[in-house]
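Predicted model, so just to flag it, every value in this text is computed and none were measured. Lettering of chains follows the sequences in order, A, B, ..., and the numbering in each one begins at 1.
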Protein chains: 2
Amino acid sequence: MPERQPHDLAGPAEGQDGVLSDEDIYARLYTAIARQQLPPGTRLREDEIRQIFGVSRARIRTVFSRLAHTGIVTLEPNRGASVTRPSVKEAREVFAARRAIEGTIAREAVQHATKRDIARMRDHLMRERDADNRRDRTGMIRLSGEFHLLIAEIADNELLRRFLADLITRESLVILTYEQPGRPSCSNHEHEHILEAFARGDAEGAAKLMIEHLDAIEERLDFGDRQRSEIDLATILRGSAES
Amino acid sequence: MPERQPHDLAGPAEGQDGVLSDEDIYARLYTAIARQQLPPGTRLREDEIRQIFGVSRARIRTVFSRLAHTGIVTLEPNRGASVTRPSVKEAREVFAARRAIEGTIAREAVQHATKRDIARMRDHLMRERDADNRRDRTGMIRLSGEFHLLIAEIADNELLRRFLADLITRESLVILTYEQPGRPSCSNHEHEHILEAFARGDAEGAAKLMIEHLDAIEERLDFGDRQRSEIDLATILRGSAES
DNA sequence: GCGAAAATTTTTGCTAACAATCATTCTTGG
DNA sequence: CCAAGAATGATTGTTAGCAAAAATTTTCGC
């Protein structure tokens, strides 16, 4: 897993007179991490980021502090910032937190959903299928997360939507850290079942399917396998030293 | 509603060599706000806070930025920071978000709870009753929030616990803004019913009671009355100008 | 006396620069 | 040749100070 460098974070200037606001910078870094462009462990050096965005270091420190507060960036005193490498415990907490809220979000969203919302969901799944057919992995990851956020948007609670956005971003780091090659984490077949529950107005069904979907994502990761293989290697290496 | 000043935020130094870390400063301000010591609208001037804590302004700016990210402090460009005054919409979102997660948290907590946890809850309710009998309003508010956080702690998901802590802090601002005098917002009788559900291991019952408890808190506030009385005054004042 | 404009003060936004810490490279002794 | 220590460079942590914006006070004209 090579660490990618944050070279292309700067884009068209969004603020007044071409100056990026702290919020803009935060959003850029956040999005890059959410889209797995900056994998876990990527060093984020203040001076480099400040040059990329053309601002002073103090601005970057502020942004880093906020990113750290959401848990997607880790600050080490005197050593700087890096994209968070989630531990197994953290990973499991992210999934548990998602299960805790996404069932309820789905239920609320079904009760709020208009015909237009359902059409948006359909359109979204078509785009997921397109990306899947094109083997556009980055696009799939983005669209998968966005499907969940679309549901949260339909549920119409900004606090929950933002909390979920953070959880999804943290989960994208989990996926990069613990994913098994060739085994996609988020299935658009499962998304389609959820959409069907929405279309028939089945709030409890949607909630149940959502939780099962999240269970399935978690199962596709390999926390357990990784720990076992580490123990085996250590045993083997100790054995060969003693014989 | 007078605005209190942040004079007494500094306390015993907690960091190495008596220097407070950013985290310490964040925690101090957060706690003061959560305990309603700094009411909605309180101006937080950088220079004043920096003098109180004996650090540079840049440190304070970092802390303010993070507090603003949780929504409990509001930053206005070129005008500074103040404790957030929640709008009615925000207030309702806080309650809706709490209902969305606290039912699930209560359910999880019942399934995790040990005898020791139940004893801690009982002890906590005794302290609530003490505070109530002493008419210690500040203590009641703190302990009420802490009861909810104790349940989240028993549920053992740090992400949810922290999100709930933020929601509770935001709710304490809502209560200060919209509370009816003489009408306490959080009833320890309702807490006792919740504890009973815990003691008999009734996860669904606990979840249901928790949601009803939150409904009841929300009902005790007067979003509606306030809006209605404003409309009446405007109508009356316009009527007297035309006659 | 009142309102508007000007002047002054206060506060925020931001940067350059220095101190402190860590990481890397070089040197030295065994 | 290797390990330990020293030297050097890179990076973070922090502050002082200036520019810009907002708030407050003073002045002036009617």
Side-chain angles (χ1 to χ4, degrees), chain A residues 3-7 9-10 13-29 33 38 41-69 71-85, chain B residues 2-7 9-10 13-29 38 41-69 71-85:
Chain A
E3 293 174 4
R4 297 234 347 236
Q5 299 307 319
H7 295 311
L9 295 169
E14 293 184 29
Q16 200 176 30
D17 297 330
V19 178
L20 291 168
S21 69
D22 289 1
E23 293 293 333
D24 298 327
I25 297 167
Y26 177 91
R28 294 251 178 117
L29 286 163
I33 294 167
L38 304 178
T42 307
R43 283 293 314 283
L44 302 172
R45 291 186 313 104
E46 293 177 353
D47 205 54
E48 184 179 4
I49 306 296
R50 90 156 187 84
Q51 285 179 29
I52 288 170
F53 290 117
V55 298
S56 75
R57 255 200 321 118
R59 305 280 303 283
I60 302 302
R61 296 176 63 76
T62 298
V63 172
F64 280 2
S65 174
R66 291 172 77 164
L67 286 165
H69 201 58
I72 69 172
V73 163
T74 299
L75 300 181
E76 289 184 79
N78 295 314
R79 302 186 62 171
S82 58
V83 178
T84 297
R85 274 200 171 105
Chain B
E3 292 174 8
R4 297 233 348 233
Q5 301 306 317
H7 295 314
L9 296 169
E14 293 184 31
Q16 201 177 26
D17 296 329
V19 178
L20 292 168
S21 68
D22 288 2
E23 293 293 335
D24 297 328
I25 296 166
Y26 177 90
R28 295 251 179 117
L29 286 162
L38 303 179
T42 307
R43 285 292 316 281
L44 302 171
R45 293 185 312 105
E46 294 177 356
D47 204 55
E48 185 179 3
I49 306 297
R50 89 155 188 85
Q51 283 179 31
I52 288 168
F53 289 117
V55 298
S56 75
R57 256 200 320 122
R59 307 279 302 285
I60 302 302
R61 295 175 64 75
T62 299
V63 171
F64 281 1
S65 174
R66 291 173 78 164
L67 287 165
H69 202 56
I72 67 171
V73 163
T74 298
L75 300 182
E76 288 185 81
N78 295 315
R79 302 187 61 172
S82 60
V83 178
T84 297
R85 273 199 172 105

Separation of [N] [atom2] from [X] [atom1] (nearest whole Å):
X: A/F64; N: D/dT11; atom1: CZ; atom2: P; answer: 12 Å
X: A/N78; N: C/dA20; atom1: CG; atom2: P; answer: 12 Å
X: B/R59; N: C/dC14; atom1: CZ; atom2: P; answer: 20 Å
X: B/I49; N: C/dT12; atom1: CD1; atom2: P; answer: 10 Å
X: B/E76; N: C/dT11; atom1: CD; atom2: P; answer: 16 Å
X: A/D22; N: C/dT15; atom1: CG; atom2: P; answer: 10 Å
X: A/Q51; N: C/dT15; atom1: CD; atom2: C1'; answer: 15 Å
X: B/L75; N: D/dA22; atom1: CG; atom2: C1'; answer: 16 Å

Is the phosphate of C/dA16, meaning OP1 or OP2, less than 4.0 Å from a side-chain N or O of A/R50?
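So the side chain of A/R50 is outside the cut-off, no N or O lying under 4.0 Å from OP1 or OP2 of C/dA16.
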Would you say C/dA23 has OP1 or OP2 under 4.0 Å from some side-chain N or O of A/R79?
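So the side chain of A/R79 is within the cut-off, an N or O lying under 4.0 Å from OP1 or OP2 of C/dA23.
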Minimum-distance nucleotide to [X] side chain [options: [options]]:
X: B/R43; options: C/dT15, C/dC18, C/dT11; value: C/dT11
X: B/S56; options: C/dT12, C/dT21, D/dT14; value: D/dT14
X: B/R45; options: C/dT11, D/dA23, D/dT12; value: C/dT11
X: B/E46; options: C/dT15, C/dA17, C/dG13; value: C/dG13
X: B/A58; options: D/dT12, D/dA21, D/dT15; value: D/dT15
X: B/R61; options: C/dT12, D/dG13, D/dA23; value: C/dT12
X: B/R57; options: D/dA21, C/dC18, D/dG17; value: D/dG17

Does B/R28 reach the side chain of B/F53, with side-chain heavy atoms less than 4.5 Å apart?
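With C-beta onward as the side chain, the pair touches.
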Within-4.5 Å side-chain heavy-atom neighbours: B/T62 and B/R59:
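A side-chain contact is absent here, since even the closest heavy-atom pair is not under 4.5 Å.
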So which atom in B/F64 and which in B/L44 form the shortest heavy-atom distance, rounded to 0.1 Å?
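Smallest interatomic distance, heavy atoms only, reads CE2-O, 3.4 Å.
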Quick one: closest heavy-atom pair of B/A81 and B/L75, and the distance?
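For B/A81 and B/L75, the tightest heavy-atom pair comes out as CB-CD2, 3.5 Å.
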Is there a donor-acceptor contact under 3.5 Å from the side chain of A/R61 to the main chain of B/A58?
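Not confirmed, A/R61 side chain does not pair with B/A58 backbone.
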